[in-house]
There are 2 protein chains.
Amino acid sequence: MRRHNLSVLLRHLHAAGPTTRSDLTARTGLNRSTIGVLVGDLAARGFVVEGKATATGGPGRPSPPVHPRPEGAVALALEVDVDSLAAATVGLGGHVLGRRRVDRPGGRFSPEDTVDELARLARPLLRRLPAGAPVVAAGVAVVGLVRVGDGCVRVAPNLGWVDVPLAALVRRRLRLRVPVAVGNEADLGARSEHVRGAGVGIDDLVYLSGEVGVGAGIIVGGRHLGGAEGYGGEVGHLPVNPTGQACGCGSVGCWETEVGEGALLRRAGRSAEPGDRTAVRTLLDDARAGDDAARAAVEAVGRWLGVGLAGVVNVFNPRRVVLGGLFAELHPLVARTVDAELDGRALDASRAVVDVVVSALGVDAPLLGAAELALDELLGDPTRMPPLAEQNKDAARE
Amino acid sequence: MRRHNLSVLLRHLHAAGPTTRSDLTARTGLNRSTIGVLVGDLAARGFVVEGKATATGGPGRPSPPVHPRPEGAVALALEVDVDSLAAATVGLGGHVLGRRRVDRPGGRFSPEDTVDELARLARPLLRRLPAGAPVVAAGVAVVGLVRVGDGCVRVAPNLGWVDVPLAALVRRRLRLRVPVAVGNEADLGARSEHVRGAGVGIDDLVYLSGEVGVGAGIIVGGRHLGGAEGYGGEVGHLPVNPTGQACGCGSVGCWETEVGEGALLRRAGRSAEPGDRTAVRTLLDDARAGDDAARAAVEAVGRWLGVGLAGVVNVFNPRRVVLGGLFAELHPLVARTVDAELDGRALDASRAVVDVVVSALGVDAPLLGAAELALDELLGDPTRMPPLAEQNKDAARE
DNA sequence: CCGTATATGTCGACCGCCGCAACAAAGTAC
DNA sequence: GTACTTTGTTGCGGCGGTCGACATATACGG
C-alpha cells in the first residue's frame, strides 16, 4: 500500500512534470505529512529532487516544486519500423537523453541482423549516459503482432518475421540485465500520445497509425486495450469492402487495403515497392501541388478513412482520434472529407464527443511509447529500486 | 483499505458462491486472522452466513464454508426489450428470488407507459420478498444507447425513444429510494455471461446480441468497454458493405443490415414488422426443416456473421465470443460457416485463441446483467450497508 | 516597515488494519 | 488411542496513514 502510493506519486511526476508538494496533496488526497514522507522516500531513491520554493503571487507560504530526476531511472527505447530503426535513452519525466534513427530502406532483414544494428545504434547512447544514471529497463516497438507476455513477435508481414522471440534476442545481444518489453508500434504510439502527446488527459482515445499496414493503439478508460494475448487493436483488418482487394492477411477487403500506403499509390495509378516512403511523399506533394490523379487518390483514401473511422468511433466511443504516420500527413488534405463521412456514418451520440487530430509526437511516438512501456514496471513499483544509500553500500562491497 | 478487502471478499463470494474460509485465505493472500475478522464483518452486515464445517476427506481440521446470503442484499432488475418487458429480484450470490416477463409485441410505447408497466411487473416481486431483505439498488437493461453517467437513454431506435431520462423515471415511478443504474442490453448481457454464464473466468470476451439491431457487450481485461460516454460496443454499425442497404443510423452497409433480423427475413424474401419474433422463429424452423429459401437466407446471414466476427476478433483479440438473442438460435445452423469465415478472414494469432459459443443464460442474460449492475455499487463498498445491530437500532428508533 | 492573514513543512501522538506466533479445535492415518 | 495435519482464535507488534500543534514563509494593508 506504501508501494501503491509511491507509484501514484511517481507516475504523476513522470507524466505531468514538476509539481509542488501542495499540488500533490490536493491531487492524491493524502495528508501533507504523508506526502512529505513519500517525497522523501522518492528522493532517497534518486527519482526526484526538491526545488526551491518560489513565490506564486498568491498569499501564504509557497510550496516547493518536486522535479522528476531524469538520471534517476533511464529506459532504453528501441524501434523496428518497416524502413528505419531507432533508439533512444529516455529518463524519468520523459526527458530524452539521446536519440538516433537510421533509415533502412526497402529490403527485409533477418531478426539477427536487425538486432545487431539496434545494438550498434544503442551503444553510443548508453555510453553517453551521465554517470550514475541506471538503465532500468528496455522497450521495443515493432511493426507486427506481439505476444505481450514474452515479447514474442508472432507475425510481422512487413518484416517477413514469424515467431521471433525479440525480447530475448535484444536482451542477449545488448547484454542487458534488465527486463525487455516488446510492444506493437501503434499500441506504443497510443501510449506516448496519451502520456505526453495529443491525448494528454484523454482516457478514451484511439491512435491510428497508417503505414504500409494500418494499426491502432486503443486506450479505453485509461487502460490499453490488449485483448487476450495482446493482439488487440488490429483495425486494419476490419472488413469494409467485400468486393475489395485481397489483403496480405488472407482476407478480402480489409480496411488497410483501402487506406494503406499501397491503396494510395494504387489509386493514383503509381506502383512502388511496399515500404517505399519516397513514392508516398512524392504523391502527397503532387496532391498538394494540384495534380489531379494524386488529389483524386488522396480524396478516395480520405473517404475510406472516414468510413472506417466511423466504425471505430461506433465501437470504441473515443473522445479523440489521433492520427499518426501516413495519416498525419494525409489529414490536412482530407480533414473535411473525413469529418463529413463521420457525420454521415457514425452514431450521433458517439460522433458528438469525438474529435480527430494529428499526432503531436510525429515519427517518434512509437519510440517514446517504448520508453514509457519500459519505465512502466518501475513506475508501478518504485520500491524495486533501493535507496541510494544502499546502492552505494552495494557498490562499495564490489 | 478495509473497504477494499471487504469488497474483494464479497465480490468473490457473490460470483463464485460458497467458499471455505481456508479457500478465501489462499485466494486473497490475506492472513487467516484477517479473513476471520472480515468474514465476521460481512456476517454482521447480513451479507454472509457461515455453514457447518464438513469433512473433506483430507487430513486436518475442516474449514467451514461461507455462504452468500441472498436476503442480505437484493437487486431489482428490469429490462426493456423490443417486444417484451421483464423484472426480477435477485439476491446476493445471484440467487433469483422472483422473475416475471410479459410480451409486448409490435407497437411502440412511450417511456411513461413502459415505466408504468414495469412498475406493475415489479410490484408483486417486491411484495413477495422475504422479510428483512433490503432492496439495495435497481438496474435497468434497455435496447438503446445509454449514457451511463446519468442513466439517460440517448437514442433507442427500436423503441422510438430519444433522450429519455430512464433512471430518473424508474426511480420516481417505482418510488425507489435506492440508486437506479441503466445499461445497454448487450453490455449487461456480457456482464452476466461473464459472472455466471458462458464466460466465467474469461476476462476477454465479446457478447454479441442479435435482435432487430446488433449490439455487443465487450469485456477487455476483465473490465467492461464503455468508452467516453458509455456508448461503446456498437459493432452493429461497423461498415462492412459500402454497396449494401441503408441503415437506420443514417449510414449504408452497417453490419446489422446484413445480419440483423431484418436481413434474415429480407434474404428469405419474407417481410415482417420490425421486432416480429414469430416471423423470425418460423423462418428458422423452416430452415431446420429444409426449406431451401430459408436455408439460403440463414446461410448468407451466417457468412456475414463470420465476416463481421472476423473484424471483431481482430480488433479485440477476445478469448471467447458468446452469441445471444437471434444469434444463439442461428448458430447451431451455421457454426461451420462462421468458423470457416473466421479461419479465412481473422488474423491467425487472434483466431487461434478464440472460440464461439452460445449464451448460457439465454433471454435472461441482460436482465440478470441488470441485477449485477445494480449490485455492483454495493459490492464495491460493502460498508455502505451498516451492521445489522445498527439497522435494528435504527428500526427501533422509528 | 511591520503586524496580520494565509498557506505550507515538520514533528509527535494516535489509530486502524494487517501479519505473526502461540494455542485450541477438529479432522485423518495408522 | 496416538500422532499428524490443517484450521480458527487470540493477543501482540508494526507499518502506514491521519490529525493537531507549532514553526516558517509569503502577500496584503496600514
Side-chain angles (χ1 to χ4, degrees), chain A residues 1-13 18-45 47-67 380-384 386-387 390, chain B residues 1-13 18-45 47-67 380-384 386-387 390:
Chain A
M1 42 199 70
R2 176 63 157 272
R3 264 208 303 271
H4 178 255
N5 281 334
L6 285 174
S7 167
V8 168
L9 227 54
L10 191 54
R11 269 229 159 77
H12 179 262
L13 289 166
T19 312
T20 65
R21 283 170 71 154
S22 64
D23 232 33
L24 291 175
T25 64
R27 219 170 275 273
T28 59
L30 291 171
N31 197 287
R32 289 208 302 265
S33 338
T34 311
I35 293 292
V37 176
L38 295 177
V39 168
D41 189 331
L42 292 178
R45 297 185 143 90
F47 295 142
V48 303
V49 285
E50 296 202 61
K52 256 270 164 50
T54 60
T56 58
R61 173 176 172 179
S63 194
V66 181
H67 300 266
D381 179 9
T383 62
R384 278 164 189 276
E390 289 183 31
Chain B
M1 43 200 69
R2 175 64 156 270
R3 264 208 303 272
H4 179 254
N5 281 333
L6 285 174
S7 168
V8 168
L9 227 54
L10 190 54
R11 269 226 159 78
H12 180 262
L13 289 166
T19 312
T20 65
R21 284 171 69 154
S22 65
D23 232 33
L24 291 175
T25 64
R27 221 170 272 274
T28 59
L30 290 170
N31 196 283
R32 288 208 303 264
S33 347
T34 311
I35 293 293
V37 177
L38 295 177
V39 168
D41 190 331
L42 291 178
R45 295 177 202 275
F47 294 142
V48 303
V49 285
E50 296 203 60
K52 256 269 164 50
T54 61
T56 58
R61 175 174 172 179
S63 192
V66 181
H67 299 265
D381 179 9
T383 62
R384 279 164 188 277
E390 290 183 31

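A, B, ... follow the sequence lines: proteins, then strands. Residue 1 opens every chain. All values below come from the heavy atoms of this structure, side chains included, with hydrogens, waters and symmetry mates left out.
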_B:M1 CE - C:dC15 P separation (whole Å)_ = 17 Å
*Just by modelled atom types, is the A:R3 backbone N or O under 3.5 Å from a matching donor or acceptor in the A:S7 side chain?*
no
*Which part of the nucleic acid, if any, lies within contact of A:L30, taking any heavy atom under 4.0 Å across all strands shown: a base, the sugar-phosphate backbone alone, or nothing?*
sugar-phosphate
_Sugar-phosphate or base contact per nucleotide [nucleotides 4-9 of chain D; S, B, -; heavy atom under 4.0 Å]_ = -BBBBB
*What is the distance from NZ of B:K52 to C1' of C:dA26, rounded to the nearest Å?*
12 Å
*asked:* Within the 4.5 Å heavy-atom criterion, are B:L9 and B:L38 side-chain neighbours or not?
replied: yes
*Side chain to side chain, B:R11 and B:V8, heavy atoms closer than 4.5 Å*: no
*Mind calculating the distance between CG (B:L6) and C1' (C:dC18) to the nearest angstrom?*
13 Å
_Rounding to an integer number of Å, can you tell me how far B:R2 CZ sits from D:dG17 P?_
18 Å
*Okay, side chain of B:T28, backbone of B:L24: is any donor-acceptor separation there less than 3.5 Å?*
yes
*Provide, to the nearest angstrom, the distance between the CD1 atom belonging to B:I35 and the C1' atom belonging to D:dT10.*
17 Å
*OG-CZ distance between B:S22 and B:R61, expressed to the nearest 0.5 angstrom*: 11.0 Å
_With B:R32 via salt bridge (Lys or Arg N to Asp or Glu O under 4.0 Å) - residues at least two apart_ = none
*Look at the side-chain N and O atoms of B:N5 and state whether any lies under 4.0 Å from the OP1 or OP2 oxygen of C:dC17.*
no
